[in-house]
Number of protein chains: 2
Amino acid sequence: MDLRHLRYFVAVAEEENIGRAAARLHISQPPLTRQIQQLEEELGVTLFIRTPRGMELTQAGELFLAEARNIRALVEQATERTQRAGQGKLGRLDVGIFGSAILDAIPKLLLAFRNRYPDVKVVLHTMTKAEQIEALRQRRITVGFNRMLAPLDDIGVRQVSTEGLLVAVQADHPLAHQPVVRFAELAAHPMILFPTGARPSFIDKVIGWATESGFQPRISQEVGDAVTGVALVASGFGVCLVPDSATTLQFPGVVYRALSDTPPNFFVDLSCIYRKDDQSPLLAAFMEAVDAFRKGDRKR
Amino acid sequence: MDLRHLRYFVAVAEEENIGRAAARLHISQPPLTRQIQQLEEELGVTLFIRTPRGMELTQAGELFLAEARNIRALVEQATERTQRAGQGKLGRLDVGIFGSAILDAIPKLLLAFRNRYPDVKVVLHTMTKAEQIEALRQRRITVGFNRMLAPLDDIGVRQVSTEGLLVAVQADHPLAHQPVVRFAELAAHPMILFPTGARPSFIDKVIGWATESGFQPRISQEVGDAVTGVALVASGFGVCLVPDSATTLQFPGVVYRALSDTPPNFFVDLSCIYRKDDQSPLLAAFMEAVDAFRKGDRKR
DNA sequence: CTGCTTGATACCTCCAGGGTATGATCCAGC
DNA sequence: GCTGGATCATACCCTGGAGGTATCAAGCAG
């Protein structure tokens, strides 16, 4: 049995007349007669009662008509859904993010993407940089977001956004009384650094900037992410360099101050990583969204 | 697209290897490669990633696999159900019955039929003889049950059972004191006759028997069916000739008495009618059940 | 009885599905 | 580093079956 048989059968059942059905199917009458006979023979069931006025469905034929219509609709639906999946418009996208990534760019980006691809289910997984690479290789995620990413043999990197840096200080801290803080002034105060875990990371960047500015930072505490860092600032552990977007964290007793006299490259990138050999249309669609977002972000 | 494509696709997806899939399908590898390519081209979607180790499903392929399996299962189910319908094992059987037909034979017969064909939905419609014939012609019912049926050009008759007759009398009626009543004795008592409606009917049969026995029955009342007749007996309207099976109606104040000295052919038939040109397997199955029932009934 | 409708049959043609042989590529193992 | 054995892809041939035309058979209306 073939989908052709179903198509022909439905046509004959609807027209109740082989000749008209054949015309509708753009074939001649005899082959259609044969196909219906074949179908009946294969099923071993009489589907039509032949009358001098046309073809009339038997009870079994009625049932088969309902089934055939259903199957044909499902086939159509299957092709349509598969095509949409093939264009990256339908499916599931697993995304690796890091602890405090939810602060700025990523929610906006994901929102824009979900707007454009409403039928793609985006699933977020919080994981470290190393876990993300592992998960990418095992195909548990399709893209990962992180900072300080370098391309690998099998892993590509695409920059998403760039952020400037601020210093978070306690509201009654001496530095809080200045509208702008010179970077070198930070040498005098204990600093909270993040993230813990795989190096090199943001920590090394901060140490590098300090060295360039001629001082050795006094490290008061290493913490997992920016959120924890700002929380410790509130508790008086010290000051903490954070990306611009951290200002969305309004901790009581914490203020953010801009920096002057900063070293070159005094900013952090947010990038996303993906498997270089991943040809999936979903990834392509997502990367397109990333690029569109970055352009919009730059202009802003 | 063809069901063949789906079959091939599922095989390749499951084996993750064209060669093995081809072997499983009992074809050689190149045509299978071609069919998969055709399918991908027709859908416009890459379903597999070709690797040196075999075929790996894309995300769209995964989705299509689920759809394809579903469709294939439905096709199988459709053929199976249609075949069962073609054998009269699945479907709907509309049956016309008359008012008091539910007394004896019909429930037993329907029970036996539903036992043997559990997936046939039997729908009962109460209608008169004339309505049944009309409904048969309009295909609203497939069989009808009634008494005193004669075959027509397009309507066939099959006898279901034969019943003897009893007389229903009030418990304090003179005749109630005898164990057996002679038929001619009924001449002295007003009689309740049924059914009203199209003639000839049971009424004419009773009048015929009375004539043969040499008396003219005194008709006290004509009613619609045996149940009403027995109810009127309880109220003292007279006596009423009823089929054996009416004894299942245990009215307070009504007793049933056997008859002696009865005329020949002193019994009533229950028959069923059907369209002579109805080739439906359901009718055939039902008629088989009727014949089986009649045999069992005779032996009893 | 005849003409018009219906579906069924006979026979032909041609394309597409299946076969064999072979190529291109990649990886494992010596 | 090369070779053998996997993988899938390509080239080409052959045959069955889907579709075509012509015609038949049967029932019904006029």
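Letters A, B, ... are given to chains in the order of the sequence lines, protein chains preceding strands, and every chain is numbered from 1.
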>> Tell me whether A/R139 is salt-bridged to B/E62, with the criterion being a basic N under 4.0 Å from an acidic carboxylate O.
In response: no
> Can you name the closest pair of heavy atoms from A/F145 and A/F98 and give their distance?
Replying inline: O-CD2, 3.2 Å
> Does B/R50 put a side-chain nitrogen or oxygen below 4.0 Å from OP1 or OP2 of D/dT7?
Replying inline: no
> For A/R20 and C/dG7, what is the distance between atoms CZ and P respectively, to the nearest whole Å?
Replying inline: 8 Å
>> Generate the contact string for nucleotides 18-30 of chain D. Rules: B means base contact, S means sugar-phosphate contact only, - means no protein heavy atom under 4.0 Å.
In response: BBBBB----SS--
> So, is A/T33 near the phosphate of C/dG7, with a side-chain N or O under 4.0 Å from OP1 or OP2?
Replying inline: no
> Can you tell me how far C1' of D/dG17 sits from CD of A/E41, to the nearest Å?
Replying inline: 14 Å
>> Can you measure B/E16 atom CD to D/dC8 atom C1' for me and round it to whole angstrom units?
In response: 15 Å
> Any salt bridge between A/E14 and A/R69, counting N to O under 4.0 Å?
Replying inline: yes
> Which whole-number value in Å describes the distance from B/L47 CG to D/dC8 P?
Replying inline: 15 Å
> Hey, are B/E76 and B/R72 close enough for a salt bridge, meaning a charged N less than 4.0 Å from a carboxylate O?
Replying inline: no
>> Classify the ring geometry of B/F48 against B/F9: parallel below 30°, tilted from 30° to 60°, perpendicular beyond 60°.
In response: tilted
